[in-house]
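Worksheet: one structure, shown below.
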Amino acid sequence: MTDLTELTAVQLVDGYREGVFSPVEVTRAALERAERIQPEVNAFVRLTGEEALDRARRAEERWRRGEPCGRLDGVPVTVKDILLTRGQPTLRGSRAVSPDGPWDEDAPSVARLREHGAVFVGKTTTPEFGWKGVTDSPLSGITRNPHDPTRTAGGSSGGAAAAVALGAGPLALGTDGGGSVRIPASFCGVFGLKPTYGRVPLYPASAFGTLAHVGPITRDAADAALLLDVIGVPDARDWSALGPAPGSYSEALAGGVRGLRVAYSPSLGGQVAVRPAVATGVRRAVQRLADLGAYVAEVDPDFTDPVEAFHTLWFSGAARVVQHLRAGQRELLDPGLREIVGAGSRYSALDYLAAVDVRMELGRRMGRFHEEYDLLVTPTLPITAFEAGAESPKGSGHRRWTGWTPFTYPFNLTQQPAASVPAGTDGDGLPVGVQLVAARHRDDLVLRAAHALYGAGPG
């Protein structure tokens, strides 16, 4: 008997087309799984059972007539509670946001899913305003790792990654301002893509500016390509959105990696201390790329850690997020968020512009780097999942989450496409992630290489 919660979106659509199973059966299975995992993992802030089943029934009737309304008709999806969803409160993990409506508008990515018939299972957890790399908040508590509930799921799209890992829908929308799709994908053992900035439109505009991306969290690269084909189209509400994609990402998957020039950077030139089990998993993934015909060289990109520039931009954005709150509302905020808001409010415009200068120079360096190399491969993170409820691992010496995410936030600064692909587990059975990075606008290369790794099987 097929477990419907283990199927990918591509497999579900094929099954609907062939009449093997129905959107109602699949949605019921996803909802039952979501309800079962919620007490232990806490992946959701809200489940939308009746609405989901109603959408599934309508999708089932369309498939029965042979008239699906889109490429995801009847496929269960989840939406991070940062993105507007019509008819549902979007509280962004904060007790300072009123649940009162009207909630009468979809974010662009949510609107595209709705047009393609996707079934919304629920809204997934986020830290307050998506401010950190783990998922806990004063509003919804701690989201836990599906492989070990004593550990964190990562963040800020932790609920999305945990839901996909545990079968509560094969597709999830996340957001990524410094690694927030790739971090939980790595910790939870699923696929996460931060597309080129602007490929997926964002509205309302993020206070974190052009660091903030919307991206898929899925079972594999083929599902991410399908989802990106649906959500990666222009929307008039986002003035910074890119034009139409040059082609179908799903169709580009078959290109493989033979002949691609791959730069493998184990530690960004010795700047990052990587745990041995993580380094081993990443090295095996790189060897698989070589076995598949890629030209691999161990070489590092030419930059030093841009964390101070990132902090200036990120903390300033956090200060802007809460600028409108009254003193009493600010007392409701996550204490860590209050700290970075205080730091962000002290930066000057000249400080901000100096950080932009660092960002532009980093972008120049990476642009030149990708003239020589098609892909950069690094660990997604130097560690595996640590204790739940902490911003940083105990004893690490890191006060802020950026201390243990040095491979992710640089590529928000540069706006490049970057993905986390599962690369085995450590000695405790916790997932390891390998990060694939390409030049801006080459999302197809990231997806092709990830798809080739999935096709090659575990290392």
Side-chain angles (χ1 to χ4, degrees), residues 133 154 178-179 181-183 185-187 189 191-194 257 260-307 310 362 365-366 368-386 392-393 396-398 401-414 416-428 430-439 442 445-446 449-450 452-454 456 458-459:
V181 160
R182 290 159 289 156
I183 295 165
S186 180
F187 277 178
F191 182 77
L193 172 68
K194 179 187 75 67
V257 298
L260 290 185
R261 302 162 300 169
V262 175
Y264 166 43
S265 179
S267 60
L268 294 180
Q271 296 182 76
V272 184
V274 178
R275 286 187 186 170
V278 172
T280 297
V282 173
R283 195 177 303 114
R284 287 173 179 163
V286 171
Q287 184 59 53
R288 278 185 284 156
L289 292 174
D291 293 342
L292 291 167
Y295 298 113
V296 176
E298 187 167 322
V299 62
D300 302 304
D302 178 25
F303 67 79
T304 55
D305 189 353
V307 67
F310 180 80
L362 179 60
R365 288 172 182 263
M366 288 308 302
R368 295 299 299 270
F369 183 83
H370 283 291
E371 288 182 328
E372 188 168 355
Y373 297 100
D374 299 302
L375 289 172
L376 170 65
V377 180
T378 74
T380 305
L381 298 166
I383 59 175
T384 51
F386 52 90
S392 296
S396 67
H398 300 309
W401 62 272
T402 44
W404 51 272
T405 59
F407 293 110
T408 59
Y409 56 76
F411 305 109
N412 291 81
L413 290 167
T414 62
Q416 293 170 250
S420 182
V421 185
T425 58
D426 69 4
D428 296 321
L430 296 170
V432 169
V434 57
Q435 180 174 234
L436 309 178
V437 184
R442 293 312 308 267
L445 285 182
V446 172
L453 284 174
Y454 275 101

Between [Y] and [X], is there a side-chain heavy-atom distance shorter than 4.5 Å?
{"X": "F310", "Y": "D305", "result": "no"}
{"X": "P266", "Y": "R283", "result": "no"}
{"X": "P301", "Y": "L268", "result": "yes"}
{"X": "V278", "Y": "T384", "result": "yes"}
{"X": "L289", "Y": "L453", "result": "yes"}

Before giving the answer on side chain to side chain contact (heavy atoms under 4.5 Å, CB included), spell out for F407 and V274 the whole-Å C-alpha distance, their side-chain angles and the decisive distance to 0.1 Å. CA-CA 11 Å; F407 293 110; V274 178; 3.9 Å; yes

Go through the steps to decide whether R182 and N412 satisfy the test side chain to side chain contact (heavy atoms under 4.5 Å, CB included), and finish with yes or no. CA-CA 11 Å; R182 290 159 289 156; N412 291 81; 2.6 Å; yes

Aromatic plane relationship, W404 with F187 - under 30° parallel, 30 to 60° tilted, over 60° perpendicular: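 F187 and W404: parallel rings.
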
Have a look at R368 and tell me which of E372, H370, R365, E371 forms a side-chain contact (heavy atoms from CB on, under 4.5 Å) with it.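 It is E371, the one option of E372, H370, R365, E371 that forms the side-chain contact (heavy atoms from CB on, under 4.5 Å) with R368.
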
Side-chain donor/acceptor of [X] to backbone N/O of [Y], under 3.5 Å:
{"X": "K194", "Y": "F411", "result": "yes"}
{"X": "D428", "Y": "L430", "result": "no"}
{"X": "Q416", "Y": "A438", "result": "yes"}
{"X": "T280", "Y": "P276", "result": "yes"}

To check you understand the geometry: which heavy-atom pair defines the closest contact between [X] and [Y], and what is its length?
{"X": "G270", "Y": "S267", "value": "N-OG, 3.0 Å"}
{"X": "L445", "Y": "L260", "value": "CD2-CD2, 4.0 Å"}
{"X": "L436", "Y": "A449", "value": "CD1-CB, 3.8 Å"}
{"X": "G178", "Y": "T408", "value": "O-OG1, 2.8 Å"}
{"X": "V432", "Y": "A277", "value": "CG2-O, 4.2 Å"}
{"X": "A185", "Y": "F191", "value": "CB-C, 4.0 Å"}

From L413 CG over to M366 CE, what is the distance, rounded to the nearest 0.5 angstrom? 11.5 Å

Point-to-point distance, once rounded to the nearest 0.5 Å, from CZ of F369 to OG1 of T414: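 Reported value, rounded in 0.5 Å steps: 12.0 Å.
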
For residues 373-383, which residue pairs qualify under side-chain hydrogen bond (donor to acceptor under 3.5 Å, both in side chains), counting only residues two or more places apart or in two chains?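 Qualifying pairs: R261-D374, T378-Q435, T380-S420.
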
Please indicate whether Y295 has more than 12 foreign heavy atoms, meaning atoms of other residues, nucleotides or ligands, lying under 6.0 Å from its OH.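 Atom OH in Y295 is not crowded, with 12 or fewer foreign heavy atoms closer than 6.0 Å.
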
I would like to know whether L193 and V181 meet side chain to side chain contact (heavy atoms under 4.5 Å, CB included); could you show each step before the answer? CA-CA 7 Å; L193 172 68; V181 160; 5.5 Å; no

